[in-house]
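So the structure is just underneath, and the comments pick up after that.
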Amino acid sequence: QVQLVESGGGLVQAGGSLRLSCAASGISFSSNGINAMGWYRQAPGKQRELVAALSRGIITNYADSVKGRFAISRDSAKNTVYLQMNDLKPEDTAAYYCNVRTVVTTYWGQGTQVTVSS
């Protein structure tokens, strides 16, 4: 079955950088079956929000709070989507979740924790 496995989270000081990875199995990034992929985050006491999305492998969409700091990308050969996070702020602290949408199903990863200290 399709599985998404995130990695790369951790503790970082404000102003630092992290790169999150989401490795997908059971699905191919090289086909037209994937409509979009992206990253969401959820902080304690807040709703899960879209951080960054990549649609049709071309169109990007970012939350206003991360524009200019975060970048989403993919490696089709490795079936992996990345989130490069620069100039991290304490308000970026959250559990980050990978998301992949096909024409019929939406898949989620288990989440990886990002904590930014001041």
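Predicted model only: the values in this text are computed from it and were never measured.
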Could you walk me through whether Leu54 and Ile59 satisfy the side-chain contact (heavy atoms from CB on, under 4.5 Å) test, starting with their C-alpha distance in whole Å, then the side-chain angles of each, then the deciding distance to 0.1 Å, before giving a yes or no? CA-CA 6 Å; Leu54 181 64; Ile59 306 300; over 6 Å; no
Mind checking whether [X] and [Y] have side chains closer than 4.5 Å, heavy atoms only?
X	Y	answer
Thr115	Val12	no
Val114	Leu20	yes
Asn99	Tyr107	no
Val51	Tyr62	no

Under the 3.5 angstrom rule, does the side chain of [X] hit a backbone N or O of [Y] as a donor-acceptor pair?
X	Y	value
Asn79	Phe29	yes
Glu6	Gln110	yes
Ser25	Val2	no
Ser65	Ala63	no
Thr93	Pro90	yes

Apart from Tyr82 itself, what residues make up its hydrophobic cluster when side-chain heavy atoms of I, L, V, M, F, W and Y under 4.5 Å apart count as a link, directly or indirectly?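 In the cluster with Tyr82 there is nothing else; it is isolated.
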Rounded to the nearest 0.5 Å, what's the gap from [atom1] on [X] to [atom2] on [Y]? Could you check?
X	Y	atom1	atom2	value
Arg19	Ser7	CZ	OG	9.0 Å
Asn35	Arg56	CG	CZ	4.5 Å
Ile34	Thr105	CD1	OG1	11.5 Å
Leu83	Met37	CG	CE	13.5 Å
Tyr40	Arg48	OH	CZ	9.5 Å

Side chains of Ser17 and Asn86, donor plus acceptor under 3.5 Å: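 On atom types as modelled, these side chains qualify, holding a pair under 3.5 Å.
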Would you call Asp92-Lys89 a salt bridge at under 4.0 Å N-O?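 Lys89 and Asp92: not salt-bridged.
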For the CD atom on Glu91, are there more than 12 heavy atoms of other groups (residues, nucleotides or ligands in this structure) within a distance under 6.0 Å?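 It does: Glu91 CD has more than 12 such atoms within range.
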Taking all non-hydrogen atoms of both residues, which atom of [X] and which atom of [Y] are closest, and how far apart?
X	Y	value
Ala24	Ile27	CB-CG2, 3.9 Å
Asn61	Leu50	ND2-CD2, 3.5 Å
Trp39	Val81	CZ2-O, 3.7 Å
Arg69	Asp87	NH1-O, 2.9 Å

Give the intermediate values and the outcome of side-chain contact (heavy atoms from CB on, under 4.5 Å) for residues Gln113 and Tyr96. CA-CA 6 Å; Gln113 180 67 37; Tyr96 284 71; over 6 Å; no
Stepwise, does the side-chain contact (heavy atoms from CB on, under 4.5 Å) test hold for Tyr97 with Leu4? CA-CA 9 Å; Tyr97 298 88; Leu4 308 178; over 6 Å; no
